[in-house]
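All remarks here apply to the structure that follows.
Keep in mind that what you see is a predicted model, and the values were worked out from it rather than measured. One is the number of the first residue; the rest follow in order along the sequence.
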Amino acid sequence: MQERHNDRMDDTLRHQIDLAAFPADVQVTHVPGPGIVLRATQGGRGLELQVTPDAQRIYGEGPALSAALAQLKQAAAQGLPDTHPDGSFERLVFIGD
């Protein structure tokens with residue numbers, strides 16, 4: 001049952017990413033991590049945004065993801081940071097207050 005829930009969440013998340021209308025050259029993916037981690041990449045640049053479980057619980061999964069996607073889209077419009085020398089990405093964290 002958990003796998004079916006994850007598939008549904010992935011479909012919902014993909015739909016929300018599509019609705020956010022990122023520029024065509026910006027890829028947004030869901031990557032493993034605590035909570036929900038979204039990664040926006042463009043060439044050799046990128047940024048990750050982690051939505052903590054507390055943020056999902058306090059704000060609701062939909063509103064928290066919507067806010068995270070809006071932040072990633074804004075960062076992409078301003079220019080994503082370079083990838084770190086070790087291949088990792090800068091990460092922002094959206095926490096519950």
Side-chain angles (χ1 to χ4, degrees):
M1 188 64 163
Q2 181 66 26
E3 184 175 321
R4 185 170 285 165
H5 171 74
N6 287 341
D7 288 345
R8 234 183 4 253
M9 187 184 87
D10 287 343
D11 289 345
T12 300
L13 182 57
R14 174 59 22 209
H15 181 67
Q16 285 189 282
I17 290 168
D18 291 344
L19 288 175
F22 282 83
D25 60 340
V26 175
Q27 299 288 8
V28 179
T29 55
H30 176 216
V31 296
I36 296 174
V37 180
L38 302 172
R39 178 183 295 159
T41 57
Q42 184 179 36
R45 305 168 78 76
L47 179 67
E48 292 180 341
L49 198 148
Q50 175 188 355
V51 181
T52 66
D54 281 344
Q56 291 176 61
R57 182 178 50 76
I58 290 170
Y59 303 111
E61 184 176 300
L65 288 174
S66 180
L69 289 167
Q71 182 66 36
L72 277 178
K73 186 175 178 179
Q74 181 180 10
Q78 294 174 349
L80 295 170
D82 289 329
T83 304
H84 294 170
D86 66 359
S88 65
F89 297 88
E90 184 176 325
R91 181 177 286 183
L92 304 175
V93 181
F94 182 44
I95 60 173
D97 291 344

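- A single hydrophobic cluster is seen to contain both Ile58 and Leu65, as judged by linkage of ILVMFWY side chains at heavy-atom distances under 4.5 Å, directly or through other members.
- Considering all non-hydrogen atoms of both residues, Glu90 and Leu47 come closest at O-CD1, 3.4 Å.
- Hydrophobic clustering, with ILVMFWY side chains joined whenever heavy atoms are under 4.5 angstrom apart, groups Leu13 together with Val26.
- Counting heavy atoms from C-beta outward, Phe89 and Leu80 have side chains that stay 4.5 Å or more apart.
- Atom CG of Leu38 sits about 5.5 Å away from atom CD1 of Ile17, to the nearest 0.5 Å.
- Looking at His15 and Leu19, their side chains come closer than 4.5 Å, going by heavy atoms from C-beta outward.
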Could you go through Asp54 and Ile95, starting from their C-alpha distance and side-chain angles, then the distance that decides it, and tell me whether this counts as side chain to side chain contact (heavy atoms under 4.5 Å, CB included)? CA-CA 6 Å; Asp54 281 344; Ile95 60 173; over 6 Å; no

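- Among pairs with a residue in residues 19-33, none fulfils salt bridge (charged side-chain N to carboxylate O under 4.0 Å, His left out), at least two apart in sequence or across chains.
- Residue Leu49 is not grouped with residue Val37 when hydrophobic side chains (ILVMFWY) are merged at heavy-atom distances under 4.5 angstrom, including chains of intermediate members.
- If you take CG on Leu72 and CG on Leu92, they are separated by 7.5 Å, rounding to the nearest 0.5 Å.
- Listed here is the closest heavy atom pair of Val51 and Gln56: O-NE2, 3.5 Å.
- Across every non-hydrogen atom of Gly35 and Pro53, the tightest pair is CA-CD, 3.8 Å.
- The two atoms that bring Ala64 and Ala55 nearest to each other are CB-O, 4.1 Å, heavy atoms only.
- Put simply, the side chain of Thr83 gets close to the backbone of Gly44: a donor and an acceptor are under 3.5 Å apart.
- Every residue two or more places apart in sequence or in another chain that forms a side chain to side chain donor-acceptor pair (under 3.5 Å) with His84 is listed here: Ser88.
- Residue pairs that meet the salt bridge (charged side-chain N to carboxylate O under 4.0 Å, His left out) test with at least one member in residues 35-47, sequence neighbours left out, are Arg39-Glu48, Arg45-Asp82.
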Full working for side chain to side chain contact (heavy atoms under 4.5 Å, CB included) between Val28 and Lys73: CA-CA 10 Å; Val28 179; Lys73 186 175 178 179; over 6 Å; no

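- Between Arg91 and Pro34 the shortest heavy-atom distance is NH1-CD, 4.3 Å.
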